Amino acid sequence: MVITVPATSANLGPGFDTLGLALNLRNEIEIIPSEKQEIEIYGENADFLKKLPRNYFVEIFTEHYKYLTDKEPKFKFKFNNKIPLSRGLGSSSAVIIAAITAAYEAAQVPYKKDKIINLALNYEPHPDNITPATLGGFCVAKLRKNRVYFLKKFIPTYLRAVIVIPNRPISTQRSREALKKTYPLKDVVANISSSSMITAAFFSEKFDILKYIVEDKIHQENRMKLVPDLFKVREIALREGALMSTLSGSGSTFFNLAYKDDAYSIYAALKDNFKDFNVKILNFDNLGVKVYN
Ligand SMILES: Nc1ncnc2c1ncn2[C@@H]1O[C@H](COP(=O)(O)OP(=O)(O)OP(=O)(O)O)[C@@H](O)[C@H]1O
Ligand SMILES: N[C@@H](CCO)C(=O)O
């Protein structure tokens, strides 16, 4: 069995813990029945992951597989990771969603994707990465009484993501702990109106308005100070025609939304100005976690 799961860009600026979308940059996990458990890891951060005392995917997979079958799992796991860790591209969410999905598939227990999302809450208490990682597309998700309510919209193929991945990690957990506990009413209203407009723009496919309305008063500026070059990334991307330019999740990646025809000039300007950052043009993903038997 092979499971693949997309990277995700959460928050989209003002949509803190609420808005997120999926990118066509996937981790792939092959799971083969085997008397002896084996783990092979290739791709992004492979050396770091191999040295960890436990593998997060195998840990979550085992927990759910044993619950569903009352048996010890006997599998070989082969990871081919394309999503970098601690760069705000939803690496840990991708692992959580893929591991729970794989456990249900291996146990041959029927499931719906919303069950996977709600089970994932036990590992990640905000729904803005786990929802698009499961469903794909642009997602708006609300957590209420420990249940996720969500809506998904297909992202049109005439859009592209131009992402800038600095060579500096930002831990989601640590950067969340650094956020202010209270905000002035005017800042709260700025975020509500901005994230509502982003949601409406994606659902109505009226993307031009994004150039004028995206602002965040809750988390971005503080997090961007950890990688000051990001202020210049945003300035250059918007100058070159990006529709919106926001921190991806908790960072350090910056997410730029563009029309397909504008993507290359934005990419070239960013590549030219940030030679030691990884700049990529990506399609969007509209499928989420996928299983191939
Ligand atoms: N592909 C993976 N395979 C195994 N374990 C992983 C993988 N990605 C993440 N993890 C585990 O999750 C931990 C947290 O990962 P990471 O720092 O990427 O999470 P994050 O900061 O929540 O997310 P993001 O990647 O969006 O910044 C890692 O230290 C590792 O233990
Ligand atoms: N909403 C989360 C997203 C993390 O990818 C945060 O900003 O901490």
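When a ligand or atom number is given, it counts from 1 through the structure's own listing order. As the structure is a prediction and not an experimental result, all values here were calculated from the model.
In this structure a side-chain-to-backbone donor-acceptor pair under 3.5 Å is present from Thr253 to Arg87. A donor-acceptor contact shorter than 3.5 Å is absent between the side chain of Asn27 and the backbone of Asn81. With hydrogens and angles ignored, the 3.5 Å screen pairs no side-chain donor or acceptor of Arg168 with any backbone N or O of Ile165. A donor-acceptor pair under 3.5 Å links the side-chain atoms of Ser194 to the main chain of Ile213, judged by distance alone. Between the side chain of Asp128 and the backbone N or O of Gly20, no donor-acceptor pair lies under 3.5 Å. In this structure, the side chain of His219 engages the main chain of Gly13 through a donor-acceptor pair within 3.5 Å. Not one N or O on the side chain of Asn256 forms a donor-acceptor pair closer than 3.5 Å with the backbone of Ala242. Panel note: side chain Arg26, backbone Lys82; no donor-acceptor pair is recorded below 3.5 Å.
Of all the atoms in ligand 2, the ones that sit under 4.0 Å from a non-hydrogen atom of Asp128 are 1 (N), 2 (C), 3 (C). Under a 4.0 Å criterion applied to the non-hydrogen atoms of Val95, ligand 1 contributes the atoms 1 (N), 2 (C), 3 (N), 6 (C), 7 (C), 8 (N). Shown in contact with Thr172 at under 4.0 Å from a heavy atom are these atoms of ligand 1, numbered in order with element: 20 (P), 21 (O), 22 (O), 23 (O), 27 (O). Close contacts between ligand 1 and Leu89 involve ligand atoms 26 (O) [criterion: under 4.0 Å to a heavy atom]. Residue contact check: Phe16 has heavy atoms under 4.0 Å from atoms 6 (C), 7 (O) of ligand 2. Heavy-atom proximity to Asn81, at under 4.0 Å, picks out these atoms of ligand 1: 1 (N). Residue Gly249 has at least one heavy-atom neighbour below 4.0 Å for each of these atoms of ligand 2: 5 (O). Close contacts of ligand 2 with Thr172, meaning ligand atoms under 4.0 Å from a residue heavy atom, involve 4 (C), 8 (O).
Annotation: Asp70, atom CG; neighbour count of heavy atoms from other residues, nucleotides and ligands within 6.0 Å does not exceed 12. Annotation for Tyr67: atom OH does not count as buried by contact number, only 12 or fewer foreign heavy atoms lying within 6.0 Å. Summarising the local packing, CG of Leu287 is surrounded by more than 12 heavy atoms from other residues, nucleotides or ligands at distances under 6.0 Å. Environment of CZ in Arg174: sparse, with no more than 12 heavy atoms of neighbouring residues, nucleotides or ligands closer than 6.0 Å.
At a 3.5 angstrom cut-off on N or O pairs, Ser86 counts as close to ligand 1. Considering backbone and side-chain atoms together, Gly90 places an N or O closer than 3.5 Å to an N or O of ligand 1. Here's the thing with Glu124: none of its N/O atoms is less than 3.5 angstrom from an N/O atom of ligand 1.
When Pro169, Ser91, Ser250, Ser248 are ranked by how near their heavy atoms come to atom 25 (O) of ligand 1, first place goes to Ser91. For atom 29 (O) of ligand 1, the candidate residues are Tyr56, Phe79, Phe48; the nearest heavy-atom contact is made by Phe48.
Across Tyr104 and Lys115, no two heavy atoms sit closer than the pair OH-CE, 3.0 Å.
Scanning all protein heavy atoms for the shortest distance to atom 5 (O) of ligand 2 gives Asn129 OD1, 2.7 Å. Summary of contacts: the protein heavy atom closest to atom 4 (C) of ligand 1 is Leu49 CD2, 3.7 Å. At the shortest separation from atom 6 (C) of ligand 2 among protein heavy atoms lies Arg176 NH1, 3.2 Å. Here the heavy atom of the protein found nearest to atom 19 (O) of ligand 1 is Ser92 OG, 3.3 Å. Scanning the protein for heavy atoms near atom 30 (C) of ligand 1, the closest one is Leu52 CD1, 4.0 Å. The shortest contact between atom 1 (N) of ligand 2 and any protein heavy atom is with Asp17 OD1, 2.4 Å.
A salt bridge links Glu221 with Arg234: the distance from a Lys NZ or Arg NE/NH1/NH2 to an Asp or Glu carboxylate oxygen falls below 4.0 Å.
Residue Gly88 places a heavy atom under 4.0 Å from ligand 1.
If you look at Leu85 next to ligand 1, the close heavy atoms, those under 4.0 Å, come from the backbone and the side chain alike. Of all the heavy atoms of Glu177, none lies under 4.0 Å from any atom of ligand 2, so neither backbone nor side chain is involved. Contacts of Arg87 with ligand 1, taken as heavy-atom pairs under 4.0 Å, involve the backbone alone.
For atom 13 (C) of ligand 1, the nearest protein heavy atom is 4.0 Å or more away.
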